[in-house]
Number of protein chains: 2
Amino acid sequence: MALTEILNRPTLHEELVERLRALVVDDTLKPGEKIAEAQLCEAFGVSRTPLREALKVLASEGLVVLQANRGARVTEITAEELAEVFPVIAALEQLAGELAAERLDDAAIAAIQARHDEMIAAFRKGDRKSYFEANQDIHGALVEGAANAVLSAQHRTLATRIRRARFMVNLSEARWSEAIEEHERMMELLHARRGSELGQLMKTHMMNKFAAHLRALEEGASADSVIS
Amino acid sequence: MALTEILNRPTLHEELVERLRALVVDDTLKPGEKIAEAQLCEAFGVSRTPLREALKVLASEGLVVLQANRGARVTEITAEELAEVFPVIAALEQLAGELAAERLDDAAIAAIQARHDEMIAAFRKGDRKSYFEANQDIHGALVEGAANAVLSAQHRTLATRIRRARFMVNLSEARWSEAIEEHERMMELLHARRGSELGQLMKTHMMNKFAAHLRALEEGASADSVIS
DNA sequence: TGACTGAATTATGAATTCATTATTACGGTT
DNA sequence: AACCGTAATAATGAATTCATAATTCAGTCA
């Protein structure tokens with residue numbers, strides 16, 4: 001019903017943060033693109049004040065860059081950017097793996113296993129979109145499984161920054177099957193609750209993903225390999 | 001001279017972010033304290049708009065909490081909070097250690113060694129203040145040595161959140177000398193450029209620090225053991 | 001006396017206005 | 001025709017104003 005809706009109504013700027021973030025992530029606002037305040041205010045039907053507050057927050061998350069008197073731009077995705085974000089995400093996922101193996105209960109692990117199986121099915125069908133979604137869910141569930149709100153928040157922020165890169169790269173079949181194998185081992189280690197090893201694997205898994213992204217970026221620099 | 005000053009003049013809200021952060025870190029604004037906008041505006045001589053923008057950023061960093069229509073409060077430091085932040089910082093420092101051992105040149109390592117020696121001297125004299133400062137510098141230098149801006153930024157944000165805890169706890173002599181030993185080993189591993197081991201040690205060093213904080217918090221709950 | 005109601009006050013959220021800086025467009029000069 | 005400088009325009013930074021929600025406090029009644 002509407003009562004709780006009204007009570008939980010977030011402030012305008014919070015809502016704008018989410019909606020702007022979504023626009024950046026789904027590539028409606030493109031990297032490097034200038035953000036016209038007036039235009040967005042028009043689109044959202046709000047005044048500049050809450051919109052500008054939202055931009056400040058997005059800037060502190062690294063999703064947009066602000067230049068005094070020169071407005072806001074969507075942060076560009078460069079190889080250098082990825083080279084800085086991926087290792088940090090990898091470190092966070094290592095921690096997530098260590099903690100999740102300790103803290104997830106059997107039911108939660110079973111749920112992750114189920115999503116893992118769906119991911120495998122998507123892989124067999126060559127369904128990249130379903131694969132990506134299941135993959136995100138699994139990593140997300142492992143991070144949440146660590147039961148550490150700070151870890152979750154940091155991970156989410158950084159994951160958002162690189163999620164946009166999926167619009168730019170088309171991973172090779174070879175890397176894809178390699179990733180699948182890594183995920184199979186991750187599930188084994190999770191069931192066995194070998195947290196230290198799971199963390200280690202999740203870290204290298206993420207760094208392998210990074211390497212694949214770099215390769216795809218270099219190849220795709222000329223060839224247009226946009227997917228999804 | 002003033003020319004570059006003027007050119008680099010930050011926007012008001014950026015300056016306010018820094019100054020408010022300083023107030024929170026040095027405990028002028030106390031945990032749980034309500035932040036009166038009008039009062040701060042008066043103190044800084046600015047209008048509410050840039051101040052509120054700054055509060056939004058500080059909230060996204062986790063330093064203050066905002067409640068719709070109910071203003072801002074300084075985030076409380078609880079054992080739960082520390083239990084979430086420390087493991088993440090530890091993971092980041094592990095990464096920092098790995099990278100710093102690879103990337104720091106000999107001169108930079110020598111500079112860290114010098115600061116380390118000063119820290120030892122402060123320890124011998126029982127000068128806690130100098131010790132803490134040198135300690136911060138060393139950890140900061142190692143993080144910077146990783147040459148990863150994202151890592152630096154995340155670390156700085158989280159370090160800020162727990163730095164306030166130093167006002168609350170007085171570490172035991174036993175833990176202090178243990179920490180010194182860990183730092184000695186860190187320097188050895190850094191000189192030997194054994195990044196993996198350095199990272200591992202920095203992680204456990206940080207978790208040991210956390211455990212000491214927890215013990216001090218429990219003891220200090222009744223006894224007033226505020227230092228510095 | 002103490003708890004409750006409701007008006008008065010205060011503080012916050014958001015829109016608007018004002019001031020200043022960047023950007024663009026135009027015209028003159030070489 | 002290309003370049004420079006200046007004026008016009010547009011966009012941003014910050015202050016102010018307005019609307020609304022929360023808090024305070026006086027007064028009432030049990």
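Residue numbers begin at 1 in each chain, while the letters A, B, ... track the order of the sequences.
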Aromatic ring centroids of A:H183 and A:H205 under 6.0 Å?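 Yes, they do, as the ring centres are separated by less than 6.0 Å.
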
Which one, C:dA15, D:dG13, C:dT12, comes nearest to the side chain of A:R52?
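So the nucleotide nearest the side chain must be D:dG13.
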
Task: Residue B:N69, side-chain atoms from C-beta onward, closest of C:dG13, C:dA22, C:dA15 - done: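 Among the listed nucleotides, the one closest to the side chain of B:N69 is C:dG13.
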
Roughly, in whole Å, what's the span from [atom1] in [X] to [atom2] in [N]?
X     : N      : atom1 : atom2 : result
A:L12 : C:dT12 : CG    : P     : 18 Å
B:L51 : D:dT16 : CG    : C1'   : 15 Å
A:E37 : C:dT23 : CD    : P     : 14 Å
A:R48 : D:dT17 : CZ    : C1'   : 16 Å
B:L55 : C:dT12 : CG    : P     : 9 Å
B:E14 : D:dA14 : CD    : P     : 9 Å
A:F44 : C:dA14 : CZ    : C1'   : 16 Å
B:E42 : D:dA15 : CD    : C1'   : 15 Å

| query | Are the charged groups of A:E98 and B:K203 less than 4.0 angstrom apart, N to O? | reply |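 So A:E98 pairs with B:K203 through a salt bridge.
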
Would you please confirm or rule out a distance under 4.0 Å between OP1 or OP2 of [N] and any side-chain N or O of [X]?
X     : N      : value
B:S47 : D:dA15 : yes
B:K34 : D:dA22 : no
A:R70 : D:dT12 : no

Using a 6.0 Å cut-off, check whether atom CD of A:Q39 has over 12 heavy atoms from anything other than its own residue.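 Atom CD in A:Q39 is not crowded, with 12 or fewer foreign heavy atoms closer than 6.0 Å.
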
- Message: Among A:E144, A:H155, A:E93, exactly one meets side chain to side chain donor-acceptor pair (under 3.5 Å) together with A:H139. Which residue is that?
- Response: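 Exactly one option meets the side chain to side chain donor-acceptor pair (under 3.5 Å) with A:H139, and it is A:E93.
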
- Item | B:T11 side chain to B:E14 side chain, donor-acceptor N/O pair below 3.5 angstrom |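 Distance-only check passes for B:T11 and B:E14.
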
* To do: For B:K56, report the nucleic acid contact type (base, sugar-phosphate, nothing); a contact means any heavy atom under 4.0 Å.
  =>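 Here B:K56 touches no strand at all.
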
Heavy atoms under 4.0 Å, any strand shown: does A:L16 hit a base, just sugar-phosphate, or nothing?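 Answer is nothing: A:L16 stays at 4.0 Å or more from every strand.
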
